Chemist: 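Attaching a single structure in structure tokens format; questions to follow.
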Protein chains: 2
Amino acid sequence: MTAADLIDEPMRPGHGPLYRQVKQRIIRHLIDETWKPGDMLPSEPRLAESFGVSPGTVRRALDELVAENLLVRHQGKGTIVCRHDPERSLFHFFRMVDAAGDRPTPSSRVLACGRRRADRAEAARLGLPAGAPVVVIDRTRSAAGRPLLVERLVLPGRLFGPLAAVAPAELPNTLYTLYEERFGVTVYRAAEQLRAVTADARDAQLLEVATGTPLLEIDRLASNLDGMPVEWRLSRCRTDAYRYRVELV
Amino acid sequence: MTAADLIDEPMRPGHGPLYRQVKQRIIRHLIDETWKPGDMLPSEPRLAESFGVSPGTVRRALDELVAENLLVRHQGKGTIVCRHDPERSLFHFFRMVDAAGDRPTPSSRVLACGRRRADRAEAARLGLPAGAPVVVIDRTRSAAGRPLLVERLVLPGRLFGPLAAVAPAELPNTLYTLYEERFGVTVYRAAEQLRAVTADARDAQLLEVATGTPLLEIDRLASNLDGMPVEWRLSRCRTDAYRYRVELV
DNA sequence: TAGTGGTCTAGACCACTTT
DNA sequence: AAGTGGTCTAGACCACTAT
């Protein structure tokens with residue numbers, strides 16, 4: 001191994017445990033796309049040599065990154081950066097289950113997709129200046145042939161500008177995969193806030209329920225590795241056949 | 001250290017990684033109450049000697065148990081078994097937050113507390129034989145002086161028999177602490193399923209809302225270390241001032 | 001001062017995958 | 001056969017707590 005193979009400079013004295021400094025360096029390389037989703041990282045001994053630390057220290061940093069769903073290890077092969085493949089996109093952030101506890105495979109129908117200026121609520125939620133351009137997608141999602149939810153997604157135009165030009169029918173069911181592959185935006189975390197609301201006339205028509213039916217409203221803000229908001233999603237769900245499940249530990 | 005200090009026999013050849021076998025042995029000692037909540041475990045070198053493994057292997061087992069909220073380490077002091085102190089009881093399983101993202105400190109008012117036979121739904125949910133005795137508690141919880149939710153708790157009578165004799169006014173706000181201190185029942189996990197419902201006449205009166213107001217219904221099944229259900233809780237929440245928050249990773 | 005957990009290192013061997 | 005991650009061991013030193 002020559003100097004050219006080194007990914008980074010050796011660690012210099014810093015604050016906190018060495019393995020956390022190593023972890024932060026690796027995260028920085030994920031942010032600056034030294035390693036992109038799906039890429040393989042250098043092996044643990046190589047990383048250790050690059051950073052000038054012992055293999056055990058690198059290993060501990062990787063352990064935490066794996067626990068946080070940023071990396072995946074494959075024994076005998078190597079360690080890769082997590083991807084939002086359709087499988088993960090569909091199930092990792094989707095918490096509705098049927099009475100048996102099984103997750104449905106939802107399909108989606110786009111009602112509208114366009115570009116406009118953010119209103120005040122949208123700008124505030126996404127951390128954008130007032131009037132910044134946003135892409136707005138309205139769609140419904142169904143499971144087992146019956147409408148499950150209606151939702152509006154608001155995305156920063158700076159990151160997703162060309163998305164508005166995509167024909168509604170072209171938008172895939174698994175948007176997070178699209179964000180990653182077409183726009184280089186990776187959703188790593190999301191925070192959801194839930195409340196109960198009643199269906200208005202539009203909800204009722206789209207969800208095939210009576211006006212006034214109670215719906216579960218899910219307000220989700222998704223962010224990337226930098227902690228920047230990249231999507232605001234407001235969903236209204238029927239909860240007669242599916243419920244929202246949470247495991248508390 | 002003498003043989004009498006050993007808490008267990010050395011590991012014998014088994015299946016899977018050694019550290020997981022050590023972890024399972026420790027969990028078994030938590031179940032059989034060799035170490036109770038609040039107790040201090042033997043030090044890592046002592047455990048290693050008892051189990052006949054290296055300190056690093058014990059450490060890895062403890063790492064996982066700490067990550068699962070079964071143990072807590074205190075540098076310089078030792079490792080103790082997690083307790084459901086009122087702080088944890090109030091905040092660990094309670095996910096309602098206000099608009100600013102802060103958790104309220106709810107107070108509770110017991111409406112009824114008694115013992116009777118489980119109906120079919122209750123027996124099924126708690127894994128009890130039909131007609132088994134259960135303790136049922138009805139109460140409301142308020143935050144910032146306003147009613148937040150109304151709920152019914154159903155507990156296996158076998159575990160909580162004497163609880164029905166407690167005067168309603170004596171029941172503390174933090175029930176999980178009571179379960180642990182008075183009945184030796186520790187809640188370790190819970191699964192919640194959420195749906196939207198409308199307030200019936202009783203809900204409306206207790207929550208001071210109009211009949212038909214949408215409410216968030218939280219169906220929680222809590223279990224102990226053995227995986228046995230120990231509480232079924234059905235709550236109906238107003239979501240005008242507080243929302244249910246979930247972090248997705 | 002002694003004991004505890006927290007960090008870091010070094011090396012051996014195993015299981016799995018690729019060539 | 002060579003390279004990867006997975007496990008297990010052993011020992012050094014540090015930071016914190018109790019006495």
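In what follows, chains are A, B, ... by sequence order, proteins preceding strands, each numbered from 1. Just so it is clear, the values below take in all heavy atoms, side chains as well, and ignore hydrogens, waters and symmetry mates. Predicted model only: the values in this text are computed from it and were never measured.
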Chemist: Should the pair A:E68-A:K23 be classified as a salt bridge under the 4.0 Å nitrogen-to-oxygen rule?
Modeler: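 A salt bridge is present here (some side-chain N lies under 4.0 Å from a carboxylate O).
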
Chemist: What is the distance from CZ of A:R59 to C1' of C:dA12, rounded to the nearest Å?
Modeler: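 Going from CZ in A:R59 over to C1' in C:dA12 covers 15 Å.
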
Chemist: Taking the side chain from B:E151 and the backbone from B:R139, do they hold a donor-acceptor pair closer than 3.5 Å?
Modeler: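 Not a single qualifying donor-acceptor pair exists.
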
Chemist: Near B:R109 CZ, under 6.0 Å, is it more than 12 heavy atoms from other residues, nucleotides or ligands?
Modeler: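 For B:R109, atom CZ is not crowded (no more than 12 foreign heavy atoms under 6.0 Å).
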
Chemist: May I ask you to evaluate whether B:S54 reaches the phosphate of D:dC8, defined as a side-chain N or O under 4.0 Å from OP1 or OP2?
Modeler: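 No.
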
Chemist: Quickly work out the A:E44 CD to D:dG3 C1' distance and round it to whole Å.
Modeler: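 In whole Å, D:dG3 C1' and A:E44 CD are 12 Å from each other.
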
Chemist: Is there a donor-acceptor contact under 3.5 Å from the side chain of A:H84 to the main chain of A:Y188?
Modeler: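 Flag not set: sc A:H84 to bb A:Y188 has no pair under 3.5 Å.
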
Chemist: Report which part of the nucleic acid A:R60 touches: base, sugar-phosphate, or nothing (heavy-atom distance under 4.0 Å, all strands).
Modeler: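 Since only primed, P, OP1 and OP2 atoms lie under 4.0 Å of A:R60, the category is sugar-phosphate.
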
Chemist: Return no unless some side-chain N or O of A:T57 is found under 4.0 Å from OP1 or OP2 of C:dC8.
Modeler: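 Answer no for this pair, as no side-chain N or O of A:T57 is under 4.0 Å from OP1 or OP2.
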
Chemist: Roughly, in whole Å, what's the span from NE2 in B:H15 to P in D:dG6?
Modeler: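 Between P of D:dG6 and NE2 of B:H15: 22 Å.
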
Chemist: Indicate the atoms forming the closest heavy-atom contact of A:G78 with A:M40, along with that distance.
Modeler: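 The answer is CA-SD, 4.1 Å.
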
Chemist: Give a yes or no on whether a salt bridge exists between B:R233 and B:E192, defined as a side-chain N under 4.0 angstrom from a carboxylate O.
Modeler: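 B:E192 and B:R233: not salt-bridged.
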
Chemist: I need the CG-C1' distance between B:D63 and D:dT7, as an integer number of Å.
Modeler: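 It is 14 Å, rounded to the nearest whole Å.
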
Chemist: Using atom types as modelled and distance alone, determine if a side-chain donor or acceptor of A:R103 lies under 3.5 Å from a backbone N or O of A:F94.
Modeler: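 Yes: the side chain of A:R103 pairs with the backbone of A:F94.
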
Chemist: I need the residues from residues 76-84 of chain B with at least one non-hydrogen atom less than 4.0 Å from DNA chain C; give them sorted by number, or say none.
Modeler: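 Going residue by residue through residues 76-84 of chain B, the ones with a heavy atom under 4.0 Å of DNA chain C turn out to be B:G76, B:K77, B:G78, B:T79.
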
Chemist: For A:Y19 and C:dC8, is the shortest distance between a side-chain N/O and OP1 or OP2 below 4.0 Å?
Modeler: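 No, outside the criterion.
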
Chemist: Just how far, in rounded Å, is P of C:dT17 from CD of A:Q75?
Modeler: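 So the CD-P distance, A:Q75 to C:dT17, works out to 7 Å.
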
Chemist: Can you measure A:L18 atom CG to D:dA12 atom C1' for me and round it to whole angstrom units?
Modeler: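 The distance from CG of A:L18 to C1' of D:dA12 comes to 15 Å, rounded to the nearest Å.
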
Chemist: Give the rounded distance in Å between these two atoms: CG of B:L47 and C1' of C:dG3.
Modeler: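 Computing the B:L47:CG to C:dG3:C1' distance gives 14 Å.
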
Chemist: Taking only side-chain nitrogens and oxygens of A:R73, does any of them come within less than 4.0 Å of OP1 or OP2 of D:dG6?
Modeler: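 Yes, such a contact exists.
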
Chemist: B:H74 has an atom NE2; how far is it from atom C1' of D:dC16, in whole Å?
Modeler: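 Roughly 13 Å, once rounded to whole Å.
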
